[in-house]
Amino acid sequence: MIQLDCVTKSFGTTRALDGLSLAVRPGEIFGLLGPNGAGKTTTIRLLNGLFPPDSGSLSVFGMDPQKQGSEIRARAGILTETPALYERLSAEENLLFFGNICGISQQKLVQCVFEVLDLFGLEARAKERLAGFSKGMKQRVALARALLHDPELLFLDEPTSSLDPESALQVNDLIRTISRDGGRTIFLCTHNLLEAQRLCDRVAVLDAGKILASGTPAELAAALFPGVRVEIDMEAPAPVNLAEKLAVCQGLRSIQWEGGTALMDLADHADIPGMVATLVSAGARITRVEPRPVSLEEIYFQLRKNHGGHT
Amino acid sequence: MRSRVLKAIIKKDLLEVSRNRTAWVPVVIIPLVFFVFLPALFLLLPRLSFFQSTTMPTNLDPGQVLSVLPEEVKARFAGLSVDQLIPFAILGYFFAPMFLVMPLMVSSIVAAESFAGEKERKTLEGLLYSPTTDAELFTGKALAALLPAVGFSLLSFVLYTVVINTLGYPIMGRIWFPLPGWWPLIFWITPAVAFLGVLVTVLVSARVATFMEAYQSGGMLVLLVLGLVVGQATGIIYLGVLSGMVIGTILWLVDWLLLRFCLRLFSRKVLIGKV
Ligand SMILES: Nc1ncnc2c1ncn2[C@@H]1O[C@H](COP(=O)(O)OP(=O)(O)OP(=O)(O)O)[C@@H](O)[C@H]1O
Ligand SMILES: [Mg+2]
């Protein structure tokens with residue numbers, strides 16, 4: 001669906017993309033994670049043929065964005081960082097305009113506009129000028145515009161960065177709906193790790209124009225944090241000499257305390273029963289044992305630490 | 001180039017301008033003042049008796065008044081009385097270059113809104129990501145400024161023609177307007193000037209950040225009109241069919257040169273650096 005090979009792009013002396021390679025498969029939600037200035041927006045612009053790369057090759061739908069930019073843009077939808085909508089026009093007028101320049105046939109257009117307005121819960125205020133809309137509503141209009149021509153591929157550039165938590169959740173739900181219905185491919189840029197965790201099938205972590213790692217969150221976790229992490233709650237006070245007794249325990253790599261909770265990194269799932277038995281025989285009164293999945297946040301910060309990035 | 005895309009862009013740009021009062025109020029006021037109110041005043045005032053007795057130099061020799069004009073121009077005035085001569089010269093000739101304020105103003109207002117304004121309001125990016133070509137975007141936006149500029153000019157011309165023929169009838173005794181020189185002015189120079197207004201505003205818009213800046217810098221073109229007014233008044237330029245065609249052709253050539261610059265500036269590659 002999307003393929004980038006060794007793409008570089010500089011603006012003056014700033015190297016925005018530095019040998020970027022990645023591939024996005026049809027139907028997946030792909031997350032490009034990175035801090036401010038990592039090159040996320042630049043990547044989207046390149047893929048839409050807004051400017052050429054300095055070197056490397058890229059393709060979208062198997063087409064070269066520089067040569068067939070308008071074909072690509074006709075089949076892809078985009079939600080830009082700022083909504084880029086006309087505030088003096090109503091939601092409906094905005095959508096009709098974009099529908100017309102996207103080449104939706106005249107007969108279908110009114111129906112399409114009606115459908116997206118309905119999907120995003122905007123019918124009631126469709127005829128009001130956008131100037132009076134809240135940020136969350138504008139974002140929904142912008143999403144409606146991105147979907148208007150029923151694109152196979154959707155670029156979302158920080159879809160929730162300016163929204164409050166509730167609107168952000170709503171938008172996330174909408175994104176999930178959009179990806180499920182119609183099997184669209186979604187290319188999501190974000191620095192919101194929780195959002196990526198919730199939505200993405202696969203992610204790539206981008207920093208200073210380079211990919212630090214890519215794969216499913218589980219793959220990344222396995223590569224960075226081999227083994228399992230277990231949370232164990234126990235009643236206070238913890239038995240004395242616990243650390244000494246645990247030292248002989250098989251498979252235990254590290255232990256951290258967060259109040260009454262021990263965070264243990266073990267080599268394997270099979271090491272859990274032995275470790276619990278050791279704790280019990282040491283006199284610990286255990287109330288909860290739970291393997292904890294590694295969060296994308298931990299992965300992200302670990303990656304950046306490994307590559308000498310500042311956290 | 002798809003006409004539906006162009007139509008949509010034109011419609012959208014005009015809808016936006018129409019909702020910015022500071023932009024369109026002058027478009028309505030200026031023609032009313034210059035092409036209805038002033039000529040009406042000019043034709044009606046002398047007929048008020050006190051005015052007639054004090055200011056009208058009835059014993060003036062028409063030849064003296066016309067002495068500044070070239071010979072071939074004088075011929076046009078032959079056979080007119082002094083009463084007729086003054087409205088004829090002022091409304092038929094001196095007013096002509098002023099007329100170009102219309103296409104210039106309308107085209108630079110709309111172009112400033114649609115080129116600099118989109119940049120200012122950060123809406124350009126949405127257009128750049130649309131499946132339009134650079135040429136379609138430019139053409140749509142240029143037409144959005146050109147069409148109303150030419151349209152309003154024609155409308156003003158019609159108004160002007162009606163006003164000065166009706167109110168001037170008691171003095172002139174016939175339908176005397178438009179004079180032949182006005183045909184190239186309206187149908188050849190006016191569109192060229194409107195286009196010039198668009199192109200200069202596009203070039204200015206590439207450098208400035210806001211609609212107002214673009215509009216004001218575009219307004220510098222009014223100097224061009226002033227030049228023509230002065231030229232006309234001092235008899236250097238005489239508005240006839242031939243001179244009209246020549247001036248128009250020169251303007252179109254200038255337009256053609258500027259267009260090539262504009263097209264180079266108005267590409268996604270250049271524009272995206274500015275959103
Ligand atoms: N048009 C431009 N001119 C000059 N520098 C640019 C331009 N566009 C991007 N850059 C630079 O390229 C780098 C990457 O920018 P980009 O906008 O792609 O980052 P981003 O990952 O989208 O960041 P953010 O999270 O802040 O949106 C930055 O250092 C930025 O300053
Ligand atoms: Mg960005």
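The sequence lines fix the lettering, A, B, ..., with proteins before strands; numbering per chain opens at 1. In this text the structure is predicted, and so the values were computed from the model without any measurement.
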(message) Could you check whether B:R264 makes a cation-pi contact with B:F261, meaning its NZ or CZ is under 6.0 Å from the centre of the six-membered ring and within 45° of the ring axis?
(response) yes
(message) If you count heavy-atom pairs within less than 4.5 Å of chain B, which of A:F97, A:F51, A:F11, A:F155 leads?
(response) A:F97
(message) Report which part of A:F98 has an atom under 4.5 Å of a heavy atom belonging to chain B: side chain, backbone, both, or neither.
(response) side chain
(message) Would you call the rings of B:F35 and B:F99 parallel, tilted or perpendicular, taking 30° and 60° as the class edges?
(response) tilted
(message) Could you check whether B:R121 makes a cation-pi contact with A:Y86, meaning its NZ or CZ is under 6.0 Å from the centre of the six-membered ring and within 45° of the ring axis?
(response) no
(request) Mind ranking A:R75, A:E81, A:E93, A:E87 by heavy-atom pairs under 4.5 Å with chain B and telling me who comes out on top? (result) A:E93
(message) Heavy-atom cut-off 4.5 Å, strictly under: side chain, backbone, both or neither for B:R19 against chain A?
(response) both
(message) Counting heavy-atom pairs closer than 4.5 Å to chain B, which one of A:L50, A:N48, A:I44 comes out on top?
(response) A:L50
(request) Starting at CD of A:E92, measure out to CG of A:N94 and round the result to the nearest 0.5 Å. (result) 10.5 Å
(message) Side chains of A:Q3 and A:S59: any donor to acceptor distance under 3.5 Å?
(response) no
(request) Could you list which of residues 184-199 of chain B have a heavy atom closer than 4.5 Å to any heavy atom of chain A, in residue-number order? (result) none
(request) Please state whether the side chain, the backbone, both or neither of A:I101 comes within less than 4.5 Å of a heavy atom of chain B. (result) both
(request) List the atom of A:L46, the atom of A:P53, and the distance in Å for their closest heavy-atom pair. (result) CD2-N, 3.5 Å
(request) Below 4.5 Å from any heavy atom of chain B, which atoms of A:R129 appear? Answer side chain, backbone, both or neither. (result) side chain
(request) For A:L154 and A:P151, work out which heavy atoms get closest and say how close. (result) CD1-CG, 4.0 Å
(request) Answer with side chain, backbone, both or neither: which region of B:I9 has an atom nearer than 4.5 Å to a non-hydrogen atom of chain A? (result) both
(message) Donor-acceptor check, side chain of B:Y160 to backbone of B:F34, threshold 3.5 angstrom: yes or no?
(response) no
(request) Select one option (side chain, backbone, both, neither) describing which atoms of A:I72 are under 4.5 Å from chain B's heavy atoms. (result) neither
(request) Inspect the surroundings of CZ in B:R207 and state if more than 12 heavy atoms from other residues, nucleotides or ligands are less than 6.0 Å away. (result) no
(request) Please flag which part of B:E136 lies under 4.5 Å from any non-hydrogen atom of chain A: side chain, backbone, both or neither. (result) neither
(request) Check whether A:E71 gets within reach of chain B through its side chain, its backbone, both or neither, counting any heavy atom under 4.5 Å. (result) neither
(request) Measure the spacing between CE of A:M137 and OG of A:S167 and express it to the nearest 0.5 Å. (result) 10.5 Å
(request) Would you name the heavy atoms of A:P159 and A:C189 that are closest together and state the gap between them? (result) CD-O, 3.8 Å
(request) Count the heavy-atom pairs under 4.5 Å between each of B:R2, B:K269, B:E16, B:K122 and chain A, then report the option with the highest count. (result) B:E16
(request) For residues B:S205 and B:K119, determine if any side-chain heavy atom of one lies less than 4.5 Å from a side-chain heavy atom of the other. (result) no
